[in-house]
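Below is one structure; the comments refer to it alone.
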Amino acid sequence: MQMSDTREIKAAPSEVWAAILNPDVLKACIPGCTEVTGNRDDGFEATVTQKVGPVKATFKGAVTLSEITEGAAVTISGEGKGGPAGFAKGGAVVQLEPIPEGTRLSYEVEANVGGKLAQLGSRIIDGFAKKMADEFFNRFQTAVEGPTEPEVLEPDVAAEGNDEGSDGAEGQKKGWFKRLIS
């Protein structure tokens, strides 16, 4: 299964580059990830739990970085084993390009699965892989850009709507992503 997409991130290429190499940012952005350890030179190890159709598995795997063009491009390759559920392996070529608004991030992803997962059929697997990639890059974009600007309310509306469940708490939750890469 192959897919590609482009994102425009409102941050300098150097910030985007630092984030894509930061294990804490990766852990926060990978759906179902419970652990990421390692570094750019030796590679990363990750633990991810996911449910694909009726199959739920915890994958433990290794991620390596290659073909690094400092600040501009990297190839990310990984393979995870999920016990009886099977395995997943794949890679992504990520390229960064400066644009007036910040950085254009382009990626091409290739993913393969085997074992019980492969028996689910390509339509389910392809849909799941696209969902995972979209969710990762949405989270990554939020992590790098930081929270969106809060809506400005009229003074009397702000006082009435300032309970604990208001958007202010949501904005604070998103703000921790930005601090991860600072």
Between [X] and [Y], which heavy-atom pair has the shortest distance, and what is it?
| X | Y | value |
| --- | --- | --- |
| Ala92 | Val109 | CB-CG2, 4.0 Å |
| Val144 | Ala11 | CG1-CB, 3.4 Å |
| Pro31 | Gln50 | O-NE2, 2.8 Å |
| Leu26 | Phe136 | CD2-CZ, 4.0 Å |
| Glu145 | Glu8 | OE2-O, 3.7 Å |
| Leu96 | Pro13 | CD1-O, 4.0 Å |

Find out if a path of hydrophobic residues (ILVMFWY) with successive side-chain heavy-atom gaps under 4.5 Å connects Met132 to Val93.
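No, because Met132 and Val93 fall into different hydrophobic clusters, even though each may have its own neighbours under 4.5 Å.
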Do Ile9 and Leu21 belong together in a cluster built from hydrophobic side chains that touch within less than 4.5 Å?
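Looking at the clustering, Leu21 is in the same group as Ile9.
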Using only atom types and a distance under 3.5 Å, with no angle test, would you say the side chain of Asn138 pairs donor to acceptor with the backbone of Asp134?
yes
Dump the intermediate steps for salt bridge (charged side-chain N to carboxylate O under 4.0 Å, His left out) on Arg104 and Glu97, then the final yes or no.
CA-CA 5 Å; Arg104 178 174 292 120; Glu97 176 187 348; 3.6 Å; yes
I need the [X] [atom1] to [Y] [atom2] distance, nearest 0.5 Å.
| X | Y | atom1 | atom2 | value |
| --- | --- | --- | --- | --- |
| Thr37 | Glu45 | OG1 | CD | 5.0 Å |
| Glu110 | Met3 | CD | CE | 10.5 Å |
| Phe44 | Asn22 | CZ | CG | 8.0 Å |
| Ile20 | Ile76 | CD1 | CD1 | 4.5 Å |
| Lys10 | Ile99 | NZ | CD1 | 10.0 Å |
| Lys27 | Arg139 | NZ | CZ | 12.0 Å |

Listed partners of Ile68 passing side-chain contact (heavy atoms from CB on, under 4.5 Å), at least two apart
Trp17, Arg40, Leu65, Glu70, Val74
Among all residues two or more places apart in sequence or in another chain, which pass the side-chain contact (heavy atoms from CB on, under 4.5 Å) test with Thr49?
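Testing Thr49 for side-chain contact (heavy atoms from CB on, under 4.5 Å), a comparison that skips the adjacent residues, returns Lys56, Thr58.
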Does the side chain to side chain contact (heavy atoms under 4.5 Å, CB included) test come out yes or no for Thr64 and Ser66, once each step is laid out?
CA-CA 7 Å; Thr64 57; Ser66 61; 5.7 Å; no
Tell me every residue that passes side chain to side chain donor-acceptor pair (under 3.5 Å) with Gln95, counting only those two or more places apart in sequence or in another chain.
none
